Chemist: 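Submitted below is the structure of interest, expressed as structure tokens.
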Amino acid sequence: MTTDGLPAGAVRCEDGLIRPLWAAQTGLMRDYYDNEWGMPVSGENAHFERLVLEGFQAGLSWATILRKRPAFREVFRDFDVNTVAAFGDREIEAMLADARIIRHRGKIEAAIGNARATQQLRADGGLVDFLWSFKPDRTPEPEEMADVPTTSAESIAMSKALRARGFRFVGPTTMFALMEAIGIVDTHLLSSHRRGSSGIWP
């Protein structure tokens, strides 16, 4: 517990609501926390976008991704799977020259390859059902930030299954972050005003 009686890593913000430290300051990260993080998304393209952006985030801060997300959406054509799957050398070179996004050839090529792998998944029910098939029976119930896991048995299994399908930059930690981001698990602190907001977990 902190000196004000809150769990470690939790902050009572100026609006009276409890948030984790990373979302305590007004701005982009708080807006994301209050309105998007942990909420389910709809459709193949939206799930593909989250998968790709989590891959680009590896080794970087999520704030960096959020700042660059408008440009990512532009250059990846709103993450339309069929459009990205058709990208070739011309598009890759254009992205490598675009300072508005993260110019990492391996991640760019992986995103294109992941679009093609997503197309192949359609024969077996599609990306959305595939990802959600790893929803655990229970979600974590963290009281403080130290209780929030970074991987799980399910994220390890998801990573392995995606790699077997040809996906890249889908390690267990990255996939656990994806699971958190779209509500497959709820890792909001029990004291947070956002706990249970996804409607997936009571």
Side-chain angles (χ1 to χ4, degrees), residues 27-135 155 158-185 198 200:
L28 202 60
M29 290 292 280
R30 181 187 290 189
D31 289 344
Y32 177 66
Y33 180 79
D34 281 354
N35 299 299
E36 290 189 61
W37 190 69
M39 299 298 290
V41 296
S42 178
E44 180 184 72
N45 291 347
H47 283 77
F48 175 66
E49 175 185 3
R50 290 349 184 249
L51 181 85
V52 169
L53 291 181
E54 292 292 349
F56 270 98
Q57 187 272 333
L60 302 169
S61 73
W62 186 248
T64 297
I65 300 298
L66 287 181
R67 285 194 296 270
K68 292 178 177 289
R69 185 164 63 167
F72 270 114
R73 286 176 168 171
E74 179 185 330
V75 300
F76 278 101
R77 310 296 193 272
D78 289 324
F79 290 93
D80 180 78
V81 170
N82 291 337
T83 302
V84 176
F87 282 179
D89 291 342
R90 182 179 64 180
E91 288 82 6
I92 292 171
E93 293 306 317
M95 283 188 272
L96 288 172
D98 193 336
R100 299 175 303 155
I101 66 167
I102 295 162
R103 294 179 290 179
H104 185 295
R105 180 181 289 274
K107 292 179 179 180
I108 291 170
E109 292 179 347
I112 297 168
N114 289 350
R116 295 167 184 165
T118 297
Q119 289 178 319
Q120 295 300 313
L121 268 182
R122 292 171 183 166
D124 294 319
L127 179 66
V128 177
D129 287 350
F130 188 86
L131 295 178
W132 280 88
S133 72
F134 293 94
K135 178 178 175 286
S155 79
M158 179 189 286
S159 172
K160 183 178 179 180
L162 285 168
R163 285 171 169 166
R165 295 284 188 151
F167 288 81
R168 290 186 290 156
F169 284 93
V170 290
T173 301
T174 300
M175 289 304 93
F176 190 77
L178 173 69
M179 295 169 75
E180 292 178 291
I182 63 175
I184 296 177
V185 294
S198 69
I200 302 298

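Note that the structure is a prediction, hence the values are computed from the model and not measured.
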Chemist: Write down the atom of Ile112, the atom of Val84, and the distance for their closest heavy-atom approach.
Modeler: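 Scanning both residues, the minimum pair turns out to be CG2-O, 3.5 Å.
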Chemist: Say whether, by atom type as modelled, one donor and one acceptor occur between the side chain of Asp98 and the main chain of Ala94 under 3.5 angstrom.
Modeler: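 No: the side chain of Asp98 does not pair with the backbone of Ala94.
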Chemist: Going by heavy atoms in the side chains, are Asn45 and Asp78 under 4.5 Å from each other?
Modeler: no
Chemist: Are the side chain of Ser155 and the backbone N or O of Thr173 linked by a donor-acceptor pair below 3.5 Å?
Modeler: no
Chemist: Ala99 and Lys68: which non-hydrogen atoms are nearest, and at how many Å?
Modeler: O-NZ, 3.4 Å
Chemist: Where is the tightest heavy-atom contact between Ala110 and Phe169, given as atom of each residue plus distance?
Modeler: CB-CD1, 3.4 Å
Chemist: Closest approach of Met179 and Phe134, non-hydrogen atoms and distance?
Modeler: CE-O, 3.7 Å
Chemist: Do the side chains of Ile184 and Ile200 get nearer than 4.5 Å, heavy atoms only?
Modeler: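 A side-chain contact is absent here, since even the closest heavy-atom pair is not under 4.5 Å.
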Chemist: Nearest heavy-atom pair of Leu178 and Met158: which atoms, and what distance?
Modeler: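 Shortest heavy-atom contact: CD2-SD, 4.5 Å.
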Chemist: To the nearest 0.5 Å, what is the distance between NE2 on His104 and CD on Glu109?
Modeler: 10.0 Å
Chemist: Could you tell me whether the side chain of Leu127 reaches within less than 4.5 Å of the side chain of Phe167, counting heavy atoms only?
Modeler: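 Yes; the side chains approach each other to less than 4.5 Å.
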Chemist: Are the charged groups of Glu93 and Arg105 less than 4.0 angstrom apart, N to O?
Modeler: yes
Chemist: Do the rings of Trp37 and Tyr33 sit parallel, tilted or perpendicular, given the 30° and 60° boundaries?
Modeler: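 Parallel: the ring planes of Trp37 and Tyr33 meet at under 30°.
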Chemist: For the atom pair CG (Leu131) and CD (Glu44), what is the distance rounded to the nearest 0.5 Å?
Modeler: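 Going from CG on Leu131 over to CD on Glu44, the span is 10.5 Å.
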Chemist: Contact between Val185 and Phe176 at the side-chain level, heavy atoms closer than 4.5 Å - yes or no?
Modeler: yes
Chemist: Going by salt bridge (Lys or Arg N to Asp or Glu O under 4.0 Å), name the residues that satisfy it together with Glu180, two or more places apart in sequence or in a different chain.
Modeler: none
Chemist: In the structure I gave you, are the side-chain heavy atoms of Phe56 and Ile65 within less than 4.5 Å of one another anywhere?
Modeler: yes
Chemist: Main chain of Val75, side chain of Arg77: is a donor-acceptor contact present, judged purely on distance under 3.5 Å?
Modeler: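 Such a contact is found between Arg77 side chain and Val75 backbone.
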Chemist: Which heavy atom in Ser198 sits nearest to a heavy atom in Gly38, and how many Å separate them?
Modeler: CB-O, 3.2 Å
Chemist: What's the separation between atom CZ in Arg122 and atom CG in Asn82, rounded to the nearest 0.5 Å?
Modeler: 4.5 Å
Chemist: In Å, rounded to the nearest 0.5 Å, how long is the span from CZ of Arg168 to CG of Leu162?
Modeler: 13.5 Å
Chemist: Side-chain donor-acceptor contacts of residues 47-54 below 3.5 Å, not counting sequence neighbours, with atom names and distances?
Modeler:
| from | atom 1 | to | atom 2 | distance (Å) |
| --- | --- | --- | --- | --- |
| His47 | ND1 | Gly43 | O | 2.8 |
| His47 | NE2 | Trp132 | NE1 | 3.1 |
| Glu49 | OE2 | Arg73 | NE | 2.7 |
| Glu49 | OE2 | Arg73 | NH2 | 3.0 |
| Arg50 | NH1 | Ala46 | O | 3.4 |

Chemist: Identify, with sequence neighbours excluded, every residue that meets salt bridge (Lys or Arg N to Asp or Glu O under 4.0 Å) alongside Arg165.
Modeler: Asp124
Chemist: Hey, is the main chain of Val170 close enough, under 3.5 Å, to the side chain of Thr174 for a donor-acceptor pair?
Modeler: no
